[in-house]
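To keep things clear, I will list the structure first and then write my remarks on it.
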Amino acid sequence: MSSSASAPLAYRVLPSDHARSPEQRTAILSGDLGFGRTFTDHMVSIQWDKAQGWHDARVHAYGPLSLDPAAAVLHYGQEIFEGIKAYRHADGSIWTFRPEANGERLQRSAARLTLPQLPVAEFVESLRQLIAVDHAWVPSAPESSLYFRPFMIATEAFLGVRPAQAAGYHVIASPAGAYFHGGVKPVSIWLSEDYARAAKGGTGAAKCGGNYAASLLPQQEAHANGCSQVLFLDPVEGKYLEELGGMNVFLVYRDGRLVTPALSGSILEGITRSSILQLARDRGMAVEERQVAIDEWKAGVASGDITEVFACGTAAVVTPIGQLKGKGFSVGDLNAPAGEVTMAIRKELTDIQYGRAPDRHGWLVRLY
Ligand code: PLP
Ligand code: COI
């Protein structure tokens with residue numbers, strides 16, 4: 001069952017023999033979902049090797065993967081992933097948001113990590129195949145969604161350090177509520193001064209597991225200092241904002257400008273980020289993608305020139321940042337209400353995603 005680039009993969013659908021009952025599913029979906037804690041009954045798997053290309057596409061029961069202990073991913077971290085959601089609209093239909101952009105980013109990540117490129121159409125099809133069996137797992141509570149986690153791992157059993165010649169692509173899915181405990185309310189951010197997330201010429205612009213492994217220690221430092229996320233600075237001068245551990249960052253100025261760090265080669269190019277830039281331009285806001293010094297943030301909040309700061313990403317959607325803390329300083333007020341511009345942008349984006357506002361950019365793709 002090998003496939004050339006143009007022939008769509010044929011899927012085998014192998015229903016789970018231990019799927020949760022409708023009552024069990026309803027109990028899970030009506031509880032506090034949080035983020036990434038429960039998973040649907042099925043998953044997608046597609047195999048790749050150098051000789052056959054992509055093959056053996058299956059939808060099958062969610063469950064453990066079997067890996068050779070010498071699989072390259074376990075030794076050299078050759079892994080990439082994506083994050084994308086399915087949204088249930090009021091009429092029951094299920095949609096996703098800009099999946100081609102995630103498929104293209106997965107290809108860029110694959111290129112950086114020398115993993116094989118899954119055709120973008122196959123990426124979108126993998127989401128559709130999973131939803132065809134697990135559509136009942138897409139929650140309908142306000143602002144809830146089904147979070148897909150597509151990922152690719154190097155499976156070749158070989159300890160030489162070179163690009164693996166076999167890989168597996170999988171998609172799992174998790175019903176999701178708010179990423180941050182406490183729902184949509186301002187969070188505090190810890191400035192990491194001792195650790196960088198990415199290096200010049202490194203893998204920061206790729207969505208690979210290693211970047212997140214490197215962020216865990218500073219993230220732990222953030223938690224120890226009462227903050228929910230960590231902010232990283234540029235790895236060269238340690239002066240300019242890059243992004244948070246799992247989100248991009250925006251600043252709103254008193255004069256109406258919306259500013260976000262320019263893509264530096266070490267920042268992940270967020271699809272939420274690019275959508276917000278578009279929505280802000282549509283509103284006639286002045287938008288700047290440029291270097292932003294950490295001192296500009298501190299001074300701007302102190303002087304009132306910067307009126308709002310927010311984080312954005314698929315998991316976090318748009319989350320107000322109330323306070324920035326670091327060694328020996330704190331700016332902002334965690335108890336101040338979420339900013340108006342932040343919440344208006346959040347509303348506009350989620351209204352499109354949930355089908356409450358016209359999809360004027362053609363961002364939505366129907367899955368079911
Ligand atoms: N930056 C990092 C490090 C992330 O992990 C994410 C989340 O995927 C983002 C930014 C935001 O990207 P997106 O909006 O595509 O989810
Ligand atoms: C996402 O938003 O999809 C991410 O991958 C971020 C992660 C920290 C949950």
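Both counts, for ligands and for their atoms, begin at 1 and track the order of listing. If you read the sequence from its start, that first residue is 1, and numbering goes on from there.
- For S126 and Y169, the side-chain atoms include at least one donor-acceptor pair closer than 3.5 Å.
- Within the 4.0 Å heavy-atom criterion, neither part of K85 lies near ligand 2.
- Ligand 1 has an N or O atom lying under 3.5 Å from an N or O atom of T272, backbone or side chain.
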Under the ring pair (Phe, Tyr, Trp, His ring centres under 6.0 Å) rule, what do H55 and W48 come out as? Steps first, then yes or no, please. CA-CA 6 Å; H55 64 282; W48 177 89; 8.9 Å; no
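- The ligand atoms of ligand 1 that sit less than 4.0 angstrom from a heavy atom of G245 are 3 (C).
- Within 6.0 Å of NZ on K50 lie no more than 12 heavy atoms contributed by other residues, nucleotides or ligands.
- Protein heavy atom nearest atom 6 (C) of ligand 2, with residue, atom name and distance: G246 O, 3.6 Å.
- Scanning the protein heavy atoms around atom 7 (C) of ligand 2, the nearest turns out to be R149 NH2, 4.3 Å.
- Remark: E269 does not engage R105 in a salt bridge, criterion side-chain N to carboxylate O under 4.0 Å.
- Between E143 and R356 there is a salt bridge, since at least one side-chain N of the basic residue sits less than 4.0 Å from a carboxylate O of the acidic one.
- Scanning the protein for heavy atoms near atom 16 (O) of ligand 1, the closest one is T314 OG1, 2.6 Å.
- Close approach of ligand 1 to M247 is summarised as follows: ligand atoms under 4.0 Å from at least one heavy atom of the residue are 1 (N), 2 (C), 4 (C), 9 (C), 10 (C).
- Under the 3.5 Å distance criterion, with hydrogens and angles disregarded, a donor-acceptor pair is assigned to the side chains of E308 and T342.
- Between R257 and E288 there is a salt bridge, since at least one side-chain N of the basic residue sits less than 4.0 Å from a carboxylate O of the acidic one.
- Ion pairing between K200 and D234 fails under the 4.0 Å rule for side-chain N and carboxylate O.
- Residue G246 holds the heavy atom nearest to atom 6 (C) of ligand 1 of all those in S215, S274, G246, G313.
- A salt bridge does not link D295 to K239: none of the charged side-chain nitrogens sits closer than 4.0 Å to a carboxylate oxygen.
- Of all heavy-atom pairs spanning L67 and A71, the tightest one is CD2-CB, 4.3 Å.
- Heavy atoms of other residues, nucleotides or ligands lying less than 6.0 angstrom from CD of E100 number more than 12.
- Neither the backbone nor the side chain of E269 comes within 4.0 Å of ligand 1, counting heavy atoms alone.
- Ligand 1 places these atoms under 4.0 Å from at least one heavy atom of R197: 3 (C).
- Checking only distances, I271 does come within under 3.5 Å of ligand 1, N or O to N or O.
- When hydrogens are left out, the protein atom nearest atom 8 (O) of ligand 1 is K207 NZ, 2.7 Å; that is the closest non-hydrogen contact.
- For M247, the heavy-atom gap to ligand 2 stays at 4.0 angstrom or more.
- Polar contact with ligand 1: present for R105 (N/O pair, distance under 3.5 Å).
- Each of F148, Y147, Y212, F151 was checked for a ring pair (Phe, Tyr, Trp, His ring centres under 6.0 Å) with F81, and the lone residue meeting it is Y212.
- Of all atoms in ligand 1, listed by their number and element, those nearer than 4.0 Å to a heavy atom of N248 are 9 (C), 10 (C), 11 (C).
- Looking at atom 5 (O) of ligand 1, its nearest protein heavy atom turns out to be Y212 OH, 2.5 Å.
- For atom 12 (O) of ligand 1, the closest non-hydrogen atom on the protein side is G270 CA, 3.3 Å.
- Here the protein heavy atom with the shortest distance to atom 1 (N) of ligand 1 is E243 OE1, 2.5 Å.
- With contacts defined as side-chain heavy-atom distances shorter than 4.5 Å, the pair H42/V59 qualifies.
- Applying the 4.0 Å criterion to heavy atoms of F35 picks out, from ligand 2, the atoms 9 (C).
- The atoms of ligand 2 that sit less than 4.0 Å from any heavy atom of T314 are 2 (O), 3 (O).
- The shortest N or O to N or O distance between Y179 and ligand 2 is not under 3.5 Å.
- Between R273 and ligand 1, not a single N/O pair is under 3.5 Å apart.
- Proximity of the aromatic rings of W363 and F97 is defined here by a centroid distance below 6.0 angstrom, and this criterion is met.
- When only non-hydrogen protein atoms are considered, atom 3 (O) of ligand 2 lies nearest to Y147 OH, 2.6 Å.
- For the residue pair D41 / S16, no side-chain donor-acceptor distance below 3.5 Å is found, with atom types taken as modelled.
- Here the protein heavy atom with the shortest distance to atom 2 (O) of ligand 2 is A315 N, 2.8 Å.
- Contact annotation: for K207 versus ligand 2, heavy atoms closer than 4.0 Å belong to the side chain alone.
- Set against the non-hydrogen atoms of F81, the atoms of ligand 2 under 4.0 Å away are 5 (O).
- Under the side-chain hydrogen bond (donor to acceptor under 3.5 Å, both in side chains) rule, Y368 has a single partner from R88, R128, H135, which is H135.
- Residue contacts with ligand 1: E82 is excluded, as none of its non-hydrogen atoms falls under 4.0 Å.
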